[in-house]
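These notes are about the structure you will find just below.
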Amino acid sequence: MKWFIKCLRLYAVFKGRARRSEYWYFLLFNTAFGYMASLLDRLLTRSGRFGWIYTAYALVLLLPSLAVCVRRLHDTGRSGWQLMWYYIAGIAGIASSYVIPNRKEMPAVFLPVLFAYCAAMITWAVIFLVRLCTDSRPGTNRYGPNPKEVGE
């Protein structure tokens, strides 16, 4: 819980480094609290959709989620801009599903492109997951001192 609170204190701080435990505990508590907000929405509205409680929670925690992910990438010696490319690719995929209104009339050439896109997204997700699970680079890197060595 202390890591979750630390990430909330560093609300939109994209500089510095975050240990693995900081990132994964934040993700654990964020998921649990998000699930509780969603459950509360469903109890209050009796709807299967996300209500205003979950939406407010997700919007409030958007910046801390992005910030801790960027700091985690910094801890492994990578740029936080890698996260942006993942989101751009995801948004492109979502947008492409709206461009083709009737999938029955989809050109045959689009199917291999769609398959390649899905394969690339899955591959990138696995690579990204491995990067988030990678141990800290020892010593100081261009993003700051190692939090393990500093004793945070």
Other residues, nucleotides and ligands only: do more than 12 of their heavy atoms fall within 6.0 Å of OH on Y11?
yes
Heavy-atom check, side chain of R9 versus side chain of P64, under 4.5 Å:
no
Does atom CZ (F14) have a neighbourhood of more than 12 heavy atoms from anything else shown, all under 6.0 Å?
yes
Criterion salt bridge (charged side-chain N to carboxylate O under 4.0 Å, His left out) on R71 and E22, from CA distance to verdict
CA-CA 10 Å; R71 290 195 312 268; E22 179 181 345; 3.0 Å; yes
Common cluster, L66/W85, ILVMFWY with side-chain heavy-atom separation under 4.5 Å
no
Short question: side chain of R78, backbone of V70 - any donor-acceptor pair under 3.5 Å?
no
Are side-chain heavy atoms of C69 and L132 found at a separation under 4.5 Å?
yes
Return the OG1 to OH distance between T76 and Y143, rounded to the nearest 0.5 Å.
8.5 Å
Do Y86 and F128 have ring centres separated by under 6.0 Å?
yes
List the steps, then state whether side-chain contact (heavy atoms from CB on, under 4.5 Å) holds for Y23 with C7.
CA-CA 9 Å; Y23 176 78; C7 289; over 6 Å; no
Would you sort out whether R17 and S136 count as a side-chain contact (heavy atoms from CB on, under 4.5 Å), showing the intermediate values?
CA-CA 9 Å; R17 296 168 66 167; S136 303; 4.2 Å; yes
Does some side-chain heavy atom of F29 sit less than 4.5 Å from a side-chain heavy atom of W3?
no
Are L27 and V13 connected into the same hydrophobic cluster when the rule is that any two of I, L, V, M, F, W, Y join if their side-chain heavy atoms are below 4.5 Å apart?
no
Do V68 and K6 have side-chain heavy atoms sitting under 4.5 Å apart?
no
Any W24 side-chain heavy atom under 4.5 Å of C133 side chain
yes
Ignoring hydrogens, what is the shortest heavy-atom contact between N141 and H74? Give both atom names and the distance.
ND2-O, 2.9 Å
Are L10 and L83 grouped together when hydrophobic residues (ILVMFWY) are joined by side-chain heavy atoms under 4.5 angstrom apart?
no
If you group Ile, Leu, Val, Met, Phe, Trp and Tyr by side-chain heavy-atom gaps below 4.5 Å, do Y54 and L40 land in one group?
no
Could you state whether L8 and L28 fall into the same hydrophobic cluster, counting links through intermediate Ile, Leu, Val, Met, Phe, Trp or Tyr residues with side-chain heavy atoms under 4.5 angstrom apart?
yes
Minimum heavy-atom distance G139-E149, with the two atoms named
N-OE2, 3.0 Å
Test item: L61 and F4 side chains (from C-beta on) under 4.5 Å apart, heavy atoms:
yes
Does S79 use its side chain to pair, donor to acceptor, with the backbone of W81 at less than 3.5 Å?
yes
May I ask you to test the R131-I127 pair for a side-chain heavy-atom distance under 4.5 Å?
yes
Test side chain to side chain donor-acceptor pair (under 3.5 Å) on T140 and N146; report intermediate values, then the result.
CA-CA 6 Å; T140 301; N146 187 341; over 6 Å; no
Distance-only side-chain donor-acceptor flag, Y35 / N30, under 3.5 Å
no
Given the rule in the side-chain contact (heavy atoms from CB on, under 4.5 Å) test, do D135 and D75 qualify, once you have shown the distances and angles that lead to the verdict?
CA-CA 8 Å; D135 196 11; D75 195 40; 6.0 Å; no
Please report the closest heavy-atom contact between Y57 and A37, naming both atoms and the distance.
CB-CB, 4.3 Å
Distance-only, no hydrogens or angles: does the R19 side chain make a donor-acceptor pair with backbone N or O of P147 under 3.5 Å?
no
